[in-house]
Structures are given as C-alpha cells and as structure tokens.
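One structure is given here, and the rest of the page talks about it.
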Amino acid sequence: MTHMPTTARPATTIGSRHLTRRGLLGGAFGLAAVGTSLPALASCGGGGGSTAEVTAWQATSWESAAEMKKWLKYIGAYFKDHEPQVKWNVDYGTSFDQYFQKLQTSIAGGGDVDMCWMHGRFVPQFAGGGMLEPLDDLIKNSPPPEWPDDYYPSQVKGFQSDGVQYGMPYDLASGGFYVNVDWFERAGVDLPTEDWTFEDLLEAAKTLKAAAKDPEKSWAMTLPTATVPMYWLVRSFGGDFFADDTRSRLTEPGTVEAFQYVHDAMWNDKVMPTPADLATADAAGAGDLALFGSERLAIIFNLNDTAFAIEDFVQGKFSWTAAPTPRGKDRRFQQVGGSSFSIPKSSRSPELSFEIMKYLMSAPDVLPDVGKLGSLTPARISFAKYGQPAADVLPADDFAHTFSDLVERDGAEQSFFAKYAEWESSIFTVKIDALWTNSEPDAATILADMDAETQALLGT
C-alpha cells in the first residue's frame with residue numbers, strides 16, 4: 001500500500017524552510033512548537049515477519065509535518081522490509097505544551113501507544129510514575145551498534161532515571177550564537193570566542209548597537225529566558241535552579257545575578273529586545289530570526305538546527321556564522337540537550353518498538369539522510385557531521401566548533417526530577433514574566449517569591 005496521509009495541512013514555513021521544533025523550543029523566549037493536529041500516516045501489506053502475531057503498531061510525537069517527513073520515511077521502510085503484516089500509525093502535530101499531558105492520559109487509560117517521542121525534562125516524571133518501559137534488558141539482548149561509546153554521553157545520561165535507561169537518544173541539541181559578520185566588522189568588534197566573558201559580551205553588545213544602521217530600532221543580542229535554554233547561563237554565573245529534587249537554589253547569589261544580567265541587558269542597557277519587541281517582529285513567532293534577517297539584531301542565541309532556517313531570513317544580504325557562548329566566572333558552560341524515543345508501558349510489543357527505535361537512531365544507512373532531511377545532529381557521534389548545514393550556508397569549521405567540539409567538555413547537563421515540569425509551568429513561567437516585562441525589575445524579589453512557592457511544591 002502506498003504510504004500517504006489521508007489529508008494534509010501545511011507546516012509552519014518561512015520561505016522555503018520550516019522552523020524546526022528544537023529551534024522554536026530553544027529560542028530566546030522558549031517558544032513552543034506550533035501544533036498542526038495533523039492526521040496519522042498508515043501502512044499495510046501482506047506477508048510474514050518475525051513478529052507475525054503483531055498486527056498493529058502505534059506511535060505518537062509532538063513533531064510537525066515537516067519534521068515528521070524523515071521519520072515517516074524510515075518507519076515505513078522498516079515495516080516494509082521487516083514487518084509487512086503490521087498496520088502502523090503515527091499521531092503527530094500536537095503542540096509540545098500539550099503533548100505530554102495527552103501522552104500521560106493515553107498511557108494511564110490503557111491506550112495503544114507502542115512508542116513515543118520523549119524529552120529529558122519529563123523522563124523522571126514518566127519513569128517514576130511507572131509509565132515507561134525500562135530499556136536496559138532490551139539493550140543487553142539487542143544492543144544498538146557501538147552503544148554507548150559512539151553516542152554523546154550527555155544524551156545517553158539525559159534519558160536515564162535512577163541509573164536506568166528509559167529513552168534512546170536520536171539527536172544532539174546544543175546552543176550557541178549566530179552572528180552577523182558584516183555588522184561586527186563595521187563595528188570593529190572581533191567575533192565571539194569561548195574565552196569571552198559576559199562582561200566582554202555586554203561591552204561588545206553596546207558597541208554593536210551603536211554601530212547599527214538604525215540604533216533606535218535595533219539591538220545587539222538575544223539571550224534565553226526560559227528554564228531549559230537558560231540553564232547554561234545560570235550555571236555560568238555560579239547559580240542553579242535546584243540542588244536535587246528537594247532543595248531550591250533560586251535565591252543564591254549566582255542565580256540572582258544571572259537573571260539580573262538578562263533583565264538589565266534588556267531594559268537598562270537596551271542591547272536586547274524585550275518580549276514585546278520580539279512579538280512584533282512578525283514571521284509567525286520567529287521574532288529573533290526575523291530581526292536577525294532584517295539586520296536589526298547582530299547576535300542571536302539559538303540551537304544548532306536553527307542554522308538551517310536562518311538563511312531563509314538572511315537571503316544573502318550579509319555574511320553570518322556561528323560562534324560560541326561566553327564562559328562564566330569559574331569555567332564555561334554550554335546548553336546541551338536532546339530528545340529520544342521511549343516505550344510506554346502501554347506498548348503491545350516492546351521488542352518491536354525497540355527494534356524500530358534502534359533503526360531510527362543508530363542505523364548507518366539511516367542517519368546520514370535523517371541528519372540532512374531533518375536539520376538534526378544525530379546523537380551517534382560518528383554521524384554528527386550529517387547534521388551540519390552546507391558549506392555555502394555556514395562555514396563547517398565554525399559550526400562544528402560552536403555546536404559539537406565544545407559540547408562534551410562544557411555541556412551543562414541539567415538534572416530533572418518528577419515535579420520539574422509542574423514547577424516550570426505553574427511557578428517559573430507565571431512569576432518570571434514580571435522580570436522580562438519590567439513590571440518588577442529586581443530579580444532577587446521575584447526569585448525570592450518564586451523560591452517560597454517552590455519550597456511549598458517540594459515539601460521543604
């Protein structure tokens with residue numbers, strides 16, 4: 001049977017490329033992916049197979065239609081070659097913000113979900129609630145090629161809970177700067193390096209803003225303001241969100257200093273756009289990319305896969321490249337994260353789901369195409385190069401140095417716990433907006449208020 005969706009609604013696109021899911025999540029203000037409520041894709045066929053008793057298989061993802069193309073291609077190839085008797089289906093297009101509640105409800109209700117996309121911040125919650133299959137025995141019985149030595153350690157560890165593997169990582173999502181090279185040259189500022197301090201960054205930002213074509217309507221940089229993409233920055237100032245799942249570190253001096261730095265860059269030094277500035281920059285919520293492409297923003301912080309979308313905004317108007325984020329007082333930290341495939345407890349065939357997961361995240365004949373089609377850096381180290389943009393889009397050495405070479409040395413591996421997602425949505429997001437809108441300009445005041453509610457949530 002031909003693999004075609006019954007209907008299709010357009011993906012979010014800018015120019016000829018889509019805005020990637022990780023790019024939206026990792027943007028300066030932690031924007032969530034746009035849900036498209038797209039239908040599933042089905043496949044069926046006759047014949048035998050090693051799991052002939054399995055007749056149906058269901059997966060679910062938050063990905064958009066554009067991001068799903070690569071996965072559907074190879075899921076279809078797997079079933080065609082190995083399990084042609086199985087009718088398969090993938091639900092996708094649910095927004096990231098709604099996806100995990102929907103998944104939890106489905107698993108708890110005994111829904112037929114055999115494989116799911118998973119993010120690190122939700123692993124402790126789902127694993128602790130008994131909603132995910134441990135993968136250790138499956139790995140032992142049928143290990144992926146070169147596991148775990150040829151996979152980024154941060155991604156292997158990022159999908160464990162209490163030392164048990166609950167997800168198989170498929171990508172490396174690392175953060176860095178994209179910079180307007182022509183603007184830097186015009187301002188007489190050297191490009192950022194990993195040896196820059198945050199003082200260096202602020203001084204350069206002031207010079208860059210002054211050298212803008214229209215300084216009153218332009219800014220020098222963006223920095224992240226959501227919890228996950230901001231974690232590396234907080235660590236750089238010597239702070240943290242939590243010591244473990246029982247103690248808040250929100251009021252420690254380093255944490256307060258990090259939040260105050262971002263606020264002051266936005267409101268006092270005016271080198272960073274406000275949320276309102278970004279919201280009015282059009283392009284379907286792609287505020288920082290739109291400002292960068294229109295030469296009103298010299299530096300943007302975003303994830304590695306955003307490189308594939310930036311050229312649609314730049315369209316050859318100026319030279320641009322990737323550059324590392326600064327180091328902190330004691331050492332350098334860098335954002336690092338990713339996503340995985342997991343097996344819900346509701347899976348009718350964990351063994352089949354595991355074989356599909358292995359195929360998608362480790363097969364040598366899949367990863368080069370997945371990287372190129374999906375603007376995705378594979379979690380398998382020896383195939384990471386296939387996630388790089390073409391040399392005529394961005395210099396390969398700059399991209400590799402910024403988003404790969406520094407990651408395992410400097411990656412800030414964030415520890416999550418069962419109540420993290422609840423804390424993020426019910427406390428952090430609710431409280432922190434006052435700082436970014438300047439209705440309360442003192443980070444210490446906001447974080448003290450947030451800390452009190454956090455301690456109540458943690459029971460401390």
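Just so you know, these numbers use all the heavy atoms, side chains as well, and skip hydrogens, waters and symmetry mates. What you see is a predicted model, and the numbers here were worked out from it, not measured in a lab.
- Looking at Q335, its side chain never comes within 3.5 Å of a backbone N or O of A412 through a donor-acceptor pair.
- Using a 4.0 Å cut-off between a side-chain N of Lys or Arg and a carboxylate O of Asp or Glu, R327 and E194 do not qualify as a salt bridge.
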CA sep, side-chain torsions, deciding dist, call: Q125, E422, side chain to side chain donor-acceptor pair (under 3.5 Å): CA-CA 10 Å; Q125 175 184 334; E422 180 182 354; over 6 Å; no
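- In this view, K213 and E295 satisfy the side chain to side chain donor-acceptor pair (under 3.5 Å) rule, not counting sequence neighbours.
- Expressed to the nearest 0.5 Å, how far CD1 of I299 lies from CE of M272 amounts to 11.5 Å.
- Side-chain N or O atoms of T222 include one that pairs as donor or acceptor with a backbone N or O of F301 at under 3.5 Å.
- Of the candidates V179, V393, D398, V393 is the only one forming a side-chain contact (heavy atoms from CB on, under 4.5 Å) with W320.
- Side chain of T306 to main chain of N302: no donor-acceptor pair is present (N/O by atom type, distance under 3.5 Å, no hydrogens or angles).
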Worked verdict on F159 versus Y166 for ring pair (Phe, Tyr, Trp, His ring centres under 6.0 Å): CA-CA 6 Å; F159 296 96; Y166 285 98; over 10 Å; no
Side chain to side chain donor-acceptor pair (under 3.5 Å) between D200 and T197, intermediate numbers included: CA-CA 5 Å; D200 294 330; T197 64; 3.1 Å; yes
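- Not a single donor-acceptor pair under 3.5 Å links the side chain of K372 to the backbone N or O of G387.
- The minimum heavy-atom distance between P389 and A307, with the atom names listed, is CG-CB, 4.0 Å.
- Residues K270 and E216 are not paired through a salt bridge, judged by the lack of any N-O separation under 4.0 Å between the basic side chain and the carboxylate.
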T105 vs Q101, side chain to side chain donor-acceptor pair (under 3.5 Å): CA-CA, chis, key distance, verdict: CA-CA 6 Å; T105 300; Q101 180 60 52; 3.3 Å; yes
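- Residues passing the ring-ring contact (aromatic ring centres under 6.0 Å, His included) test with Y99, sequence neighbours excluded: W62.
- Under the 3.5 Å distance criterion, with hydrogens and angles disregarded, no donor-acceptor pair is assigned to the side chains of T251 and D451.
- Y170 and Q155 form no side-chain donor-acceptor contact under 3.5 Å, judged by distance and modelled atom types alone.
- Checked by atom type and distance alone, the side chain of T255 pairs as donor or acceptor with a backbone atom of R249 at under 3.5 Å.
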Worked verdict on F198 versus F237 for ring pair (Phe, Tyr, Trp, His ring centres under 6.0 Å): CA-CA 9 Å; F198 281 87; F237 280 85; 4.9 Å; yes
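- Cation-pi check for R296 over F292 is not met; the charged atom does not lie both under 6.0 angstrom from the ring centroid and within 45 degrees of its normal.
- Side-chain atoms of K358 do not come within 3.5 Å of backbone N or O of A363 as any donor-acceptor pair.
- The backbone N or O of G371 lies less than 3.5 Å from no partner atom in the side chain of S375, so there is not a single donor-acceptor pair.
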Test salt bridge (Lys or Arg N to Asp or Glu O under 4.0 Å) applied to D369 and K73, step by step: CA-CA 10 Å; D369 199 30; K73 174 181 177 179; 2.6 Å; yes
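- With no hydrogens or angles considered, a side-chain donor-acceptor pair links T227 and E424 at under 3.5 Å.
- At a threshold of 4.0 Å, the pair R247-E252 counts as salt-bridged, since one of the basic side-chain nitrogens sits closer than that to a carboxylate oxygen.
- In summary, the side chains of S382 and D150 do present a donor paired with an acceptor at a separation below 3.5 Å, with no hydrogens or angles considered.
- At least one donor-acceptor pair closer than 3.5 Å links the side chain of N180 to the backbone N or O of D182.
- D449 has a carboxylate O that lies under 4.0 Å from a charged side-chain N of K431, or vice versa, which qualifies the two as a salt bridge.
- W88 places a side-chain heavy atom less than 4.5 Å from the side chain of L72.
- Using a 4.0 Å cut-off between charged side-chain N and carboxylate O, K102 and D91 make no salt bridge.
- For K385, the side-chain contact (heavy atoms from CB on, under 4.5 Å) test picks out no residue, with sequence neighbours left out.
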From CA spacing to verdict: ring pair (Phe, Tyr, Trp, His ring centres under 6.0 Å), W71, F341: CA-CA 11 Å; W71 301 124; F341 303 115; 5.2 Å; yes
Worked verdict on Y151 versus E146 for side chain to side chain donor-acceptor pair (under 3.5 Å): CA-CA 8 Å; Y151 300 80; E146 304 298 327; over 6 Å; no
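- In this structure the side chain of D240 reaches within 4.5 angstrom of the side chain of R235, judged on heavy atoms.
- Between the NZ atom in K329 and the OG atom in S236 there is a gap of 11.0 Å [rounded to 0.5 Å].
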Derivation of the ring pair (Phe, Tyr, Trp, His ring centres under 6.0 Å) call for W423 and F428: CA-CA 6 Å; W423 168 79; F428 180 90; 5.6 Å; yes
